[in-house]
Amino acid sequence: MSAASLLFSCSMHVGVSHPKLAAKSSVCLPNQPWNHLKPKTSFGHSGVSEKSKLSCKGDEIMWRAGALQVENAPSFSVGQKFQLDDVIEAQQFDRETLSAIFEVARSMESIESSSSRSQMLKGYLMATLFYEPSTRTRLSFESAMKRLGGDVLTTENAREFSSAAKGETLEDTIRTVEGYTDIIVMRHFESGAAKRAAATASIPVINAGDGPGQHPTQALLDVYTIEREIGKLDGIRVGLVGDLANGRTVRSLAYLLAKYEDVKIYFVSPNVVKMKDDIKEYLTSKGVEWEESGDLMEVASKCDVVYQTRIQKERFGEKIDLYEEARGKYIVNKDVLGVMQKHAVVMHPLPRLDEITVDVDSDPRAAYFRQAKNGLYIRMALLKVLLLGW
């Protein structure tokens, strides 16, 4: 049996010990929170060598080896490539790591559907620190933690109801919160805030959206959904529709799609919210073909995925006239479905307003609620990997 398979089975085992008890033992127990013990460089990557981590994991293997029975061992290996300390931006992932995360996510589907509650993360606390409103992201993270046996500390409107309202810096907030918890999931209104938090914290930080910057866990669940719905990621055609200038979800998704071969991306948006040049330049540098179009019907007829987004009123500030100009220009309705291919799907990060009509919901190609459910599995997988390792 490979060390990788054995490690994975140890960390997936539901009868793990409490981390505080594990910390008192001279043996490296399965639930020991490694991230608390490691120095971090800027951008949140570990300063501990993989060799030292694996040697201690080896004690864990010896401690449990007699009781283990391995089934469905993962195909990926444990190594420096899979070091994951924070989730900050889509660019940090390569194809191999994405495949590994998706494999863990599939195992989480089985855990979620089981009648018995997993205790994999028993004794761990997650803080959800949200400076902007959220429904799916915050609740799916909290559900993910609880379904794995962990507990949650939460603040829904930290911008107004935390010490940030008194002028406390983000760095001071992070230094304080990390003393209460084992992992921080943060949504912030400023682009780059998650990177600042990760550079400050000695525990894992997950970016749950930083203003118009990125939303990497949404991109992970989006790619996971595309693979499950379409059956492949290479050779696909994706239409990104709506608010592409302010949409952190489409920015992160574009970064991840660039990891795959023979992908073409169509940008369909009103002129005031066109995709920014940095994404276009990145795609070009990676050899990804992209095209801007004003014809949603034509693009929909060619694509495997029509990824619709909301025109984000909150990003326009006082420029309400520009918001009204953009809103309602591109709507996915029965007519759009009529030109789409049979295998194609409609996706949306939600919430929606009027950019997808409700009569689309009953079509089997409407994948957005399945997409939202997949967010639970991806976030369960990330919590498991960040707190317990692969």
Side-chain angles (χ1 to χ4, degrees), residues 43 87-95 97-98 132 137 187-195 207-227 233-296 298-300 302-316 319 322-323 326 329-330 332 346-350 355 371:
F43 195 59
V87 175
I88 304 302
E89 59 184 13
Q91 301 97 300
Q92 74 184 83
F93 301 102
D94 59 23
R95 279 188 68 143
T97 310
L98 291 172
E132 284 190 329
T137 303
R187 170 168 290 186
H188 203 276
F189 50 88
E190 292 182 357
S191 179
K195 188 176 292 189
N207 180 5
D210 57 342
Q214 286 212 37
H215 197 347
T217 67
Q218 178 70 47
L220 289 169
L221 75 90
D222 289 342
V223 175
Y224 183 68
T225 299
I226 293 170
E227 183 180 56
L233 290 165
D234 290 319
I236 61 172
R237 302 292 179 261
V238 179
L240 303 181
V241 186
D243 190 344
L244 307 186
N246 302 306
R248 58 195 172 201
T249 61
V250 289
R251 290 175 60 83
S252 294
L253 179 56
Y255 280 123
L256 287 192
L257 290 175
K259 310 295 182 185
Y260 298 93
E261 301 294 330
D262 189 29
V263 170
K264 182 168 183 178
I265 301 176
Y266 295 89
F267 299 129
V268 183
S269 66
N271 286 331
V272 294
V273 285
K274 294 176 70 173
M275 180 59 81
K276 294 179 179 178
D277 289 341
D278 64 329
I279 295 295
K280 298 174 186 175
E281 291 167 3
Y282 179 85
L283 294 175
T284 299
S285 72
K286 298 298 181 182
V288 178
E289 187 179 358
W290 58 269
E291 178 182 324
E292 289 187 310
S293 174
D295 191 336
L296 175 58
E298 181 184 3
V299 169
K302 299 175 180 178
C303 284
D304 303 288
V305 178
V306 174
Y307 192 101
Q308 177 69 288
T309 65
R310 172 178 64 94
I311 303 296
Q312 300 180 63
K313 184 177 182 180
E314 64 271 25
R315 307 295 181 201
F316 283 80
K319 300 176 182 178
L322 295 180
Y323 168 72
K329 186 166 185 179
Y330 295 108
V332 173
V346 178
M347 295 174 60
H348 193 304
L350 301 177
E355 63 274 3
Q371 176 186 356

State, without any angle test, whether R310 and H348 hold a side-chain donor-acceptor pair at a distance under 3.5 Å. no

With a 4.5 Å limit on heavy-atom distance, are the side chains of I236 and L257 in contact? yes

Quick check: closest heavy atoms across T137 and A208, and the distance to 0.1 Å? CG2-CB, 3.7 Å

Side chain of T309, backbone of V241: donor and acceptor closer than 3.5 Å? yes

I need the minimum non-hydrogen distance between A90 and Y255, along with the two atoms involved. CB-CB, 3.7 Å

Mind checking whether V288 and Y282 have side chains closer than 4.5 Å, heavy atoms only? no

I want to check something: taking the side chain as every heavy atom from C-beta on, are L253 and V223 in contact at a cut-off of under 4.5 Å? yes

How about E261: does its CD atom have over 12 heavy atoms from other parts shown lying under 6.0 Å from it? no

Are the side chains of I226 and M347 in touch, meaning some heavy atoms are under 4.5 Å apart? yes

Taking D234 first and then R95, would you say they form a salt bridge - that is, a charged N and a carboxylate O separated by under 4.0 Å? yes

So, the side chain of R251 versus the backbone of Q214: is there a donor-acceptor pair under 3.5 Å, distance only? no

Interatomic distance, S285 atom OG to K280 atom NZ [nearest 0.5 angstrom]: 14.5 Å

Smallest heavy-atom separation, L244 atom then L240 atom, equals CD1-O, 3.6 Å

Taking side chain as C-beta onward, heavy atoms only, is V250 less than 4.5 Å from M275? yes

Side chains of R187 and H215, heavy atoms from C-beta outward: is any pair under 4.5 Å? yes

Keeping Q308 on the side-chain end and E355 on the backbone end, is there a donor-acceptor pair under 3.5 Å? yes

Might you point out which heavy atoms bring K274 and S269 nearest each other, and give the distance in Å? CA-OG, 3.3 Å

Can you find a heavy atom in the side chain of W290 that is under 4.5 Å from one in the side chain of I279? no

Okay, side chain of Y224, backbone of L98: is any donor-acceptor separation there less than 3.5 Å? no

Quick test of your reading of the model: are K195 and D210 salt-bridged, counting only N-O distances below 4.0 Å? no

Within the 3.5 Å criterion, strictly below it, is a donor on E89 or N207 matched to an acceptor on the partner's side chain? no

Would you check, one step at a time, whether the test side-chain hydrogen bond (donor to acceptor under 3.5 Å, both in side chains) holds for D94 with T97? CA-CA 5 Å; D94 59 23; T97 310; 2.6 Å; yes

May I ask you to test the I311-D243 pair for a side-chain heavy-atom distance under 4.5 Å? yes

Kindly write out the residues that satisfy side-chain contact (heavy atoms from CB on, under 4.5 Å) with K264, not counting sequence neighbours, or none if the list is empty. R237, Y266, E289, E291

Taking only residues two or more places apart in sequence or in another chain, which ones pass salt bridge (charged side-chain N to carboxylate O under 4.0 Å, His left out) with E227? R106

Partners meeting side-chain contact (heavy atoms from CB on, under 4.5 Å) with A219 (sequence neighbours left out): S252, L256

Rounded to the nearest 0.5 Å, what separation is found between the CG atom of D222 and the OG1 atom of T249? 7.0 Å

